[in-house]
Amino acid sequence: MVSAPRLQRSFFARPAVTLARELLGTRLVCIEKGRRLSGLIIETEAYSGEDDLGCHARVGRTARTEVMYGPPGHAYVYFTYGMHWCLNFVVESEGFPAAVLIRAIDPVEGWDVIASRRDGVARDHWTDGPAKLTKALNIDKTLNGADLCCPTADLFVESGIQIPDASIITGPRVGLFNVPEPWKSIPWRFRVAPGWLIATKELMLG
DNA sequence: AGCACGATTAACT
DNA sequence: GTTAATCGTGCTC
C-alpha cells in the first residue's frame with residue numbers, strides 16, 4: 001500500500017462543518033510498532049464554538065476542553081459513558097474551540113490487528129462507531145493533544161478518495177439528548193451513503 | 001465530598 | 001425496543 005500525502009495544518013484551519021464534509025474519504029492512519037493501521041473516514045460530526053450547546057466547549061475553557069482551544073491539526077480524545085474513548089480533530093483557528101468527531105471508518109490496513117481488538121464482532125461492526133474505531137486502533141487519552149501534522153506523528157490523516165455530494169447523507173448529530181434547539185437538530189453529521197464505498201473503494205484503492 | 005450526566009456499546013427481550 | 005456497564009467531568013454543597 002502506497003502512502004498518500006498527509007493532510008497539513010492548513011487543511012484543518014477551516015470551519016468545522018466544512019471539514020466534517022471534506023474529511024469523508026480521507027484516510028486515518030495509526031503507526032503501531034512500525035506498522036500501518038488505517039481506514040477511510042466515512043462518518044463525522046462538527047462541533048464548533050462555545051455557542052454550540054452540543055459542543056463540549058459550551059462550558060468554556062477547562063482542563064478537558066483546553067485542547068480544542070489550541071492550534072488546529074491536533075487530536076482531541078475524550079472519555080465518555082465510563083468506558084469509551086472518542087477521537088476528534090481540532091479545527092478552525094487557535095483560540096476558537098472547534099472539533100470534528102470521527103464517528104466511523106472503513107478498515108483498509110491492519111485487518112488482523114483490528115480483528116483481534118474487535119474479537120467476536122462481525123466485520124461490518126469493527127469500526128462503525130466512534131468508540132469502536134478507537135478500540136480497534138488502540139486510541140486513548142495518551143493521544144489527547146497529539147499533533148497530527150508533525151512529521152514524526154504516529155497518528156495522522158492522508159488524502160484519500162473523493163466522495164460526490166450525491167453520496168453524502170447529512171443529519172442531526174447523535175446522542176445530544178438534553179441539548180436545546182437549534183443545536184440538537186442542526187444537520188452537522190455527515191456520512192458516506194452505504195452502497196457507495198462498496199462499489200468504489202476497490203477500484204480506487206486496488 | 002458528593003452528585004447527575006454523558007458526542008456509547010453490546011447484550012438482552 | 002430496552003437496559004446495564006462504568007467513571008471522568010463539571011457543578012453544587
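Every chain is numbered from 1 and lettered A, B, ... according to where its sequence line falls, protein lines coming before strand lines.
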Aromatic contact, A/Phe12 with A/Phe89 (centres under 6.0 Å):
yes
Less than 6.0 Å separating the ring centroids of A/Tyr78 and A/His56?
yes
Give every residue pair that meets the salt bridge (charged side-chain N to carboxylate O under 4.0 Å, His left out) criterion with at least one member in residues 174-192 of chain A, sequence neighbours excluded.
A/Glu43-A/Arg189
By a strict heavy-atom criterion of less than 4.0 Å, which residues belonging to [range] are in contact with DNA chain B?
range                       : value
residues 132-141 of chain A : A/Lys132
residues 93-102 of chain A  : A/Leu101
residues 45-52 of chain A   : A/Tyr47
residues 176-188 of chain A : A/Leu176, A/Asn178

For Watson-Crick and G-U wobble pairs within 3.5 Å on both distances, what is DNA chain C written in dot-bracket notation, | included for inter-strand pairing?
|||||.||||||.
Decide whether A/Trp196 and A/Ser167 meet the rule of one side-chain donor and one side-chain acceptor closer than 3.5 Å.
yes
State, without any angle test, whether A/Glu158 and A/Thr26 hold a side-chain donor-acceptor pair at a distance under 3.5 Å.
no
Going 5' to 3' through nucleotides 7-13 of chain C, assign each nucleotide B (protein heavy atom under 4.0 Å from a base atom), S (under 4.0 Å only from sugar-phosphate atoms) or - (no protein heavy atom that close).
BSSSS--
Excluding sequence neighbours, so at least two apart, what forms side chain to side chain donor-acceptor pair (under 3.5 Å) with A/Tyr69?
A/Glu50
Partners meeting side chain to side chain donor-acceptor pair (under 3.5 Å) with A/Arg6 (sequence neighbours left out):
none
A/Arg14: partners by salt bridge (Lys or Arg N to Asp or Glu O under 4.0 Å), with sequence neighbours left out
none
Contacts of A/Arg9 that satisfy salt bridge (Lys or Arg N to Asp or Glu O under 4.0 Å) - sequence neighbours left out
A/Asp147
Short question: side chain of A/Thr44, backbone of A/Leu101 - any donor-acceptor pair under 3.5 Å?
no
Taking the side chain as C-beta and beyond, is there a heavy-atom pair between [X] and [Y] under 4.5 Å?
X        : Y        : answer
A/Ile168 : A/Leu24  : yes
A/Leu28  : A/Leu133 : yes
A/Leu7   : A/Leu23  : yes
A/Glu32  : A/Leu155 : no

For DNA chain B, which nucleotides open and close the run of contacts to chain A, 5' to 3', at under 4.0 angstrom from a non-hydrogen atom?
B/dC5 to B/dA10
Look at the side-chain heavy atoms of Ile, Leu, Val, Met, Phe, Trp and Tyr, link any pair under 4.5 Å apart, and say whether [X] and [Y] land in one connected group.
X        : Y        : answer
A/Leu37  : A/Trp85  : yes
A/Leu148 : A/Leu137 : yes
A/Val157 : A/Leu87  : yes

Count the heavy atoms of every other residue, nucleotide or ligand shown that sit under 6.0 Å from NZ of A/Lys135, and state whether that count exceeds 12.
no
Other residues, nucleotides and ligands only: do more than 12 of their heavy atoms fall within 6.0 Å of CG on A/Asp51?
no
Testing the basics here: between A/Phe11 and A/Glu22, what is the closest heavy-atom pair and its distance to 0.1 Å?
CZ-CB, 4.1 Å
Classify the nucleic acid contact of A/Arg189 as base, sugar-phosphate or nothing, counting any heavy atom under 4.0 Å across all strands shown.
nothing
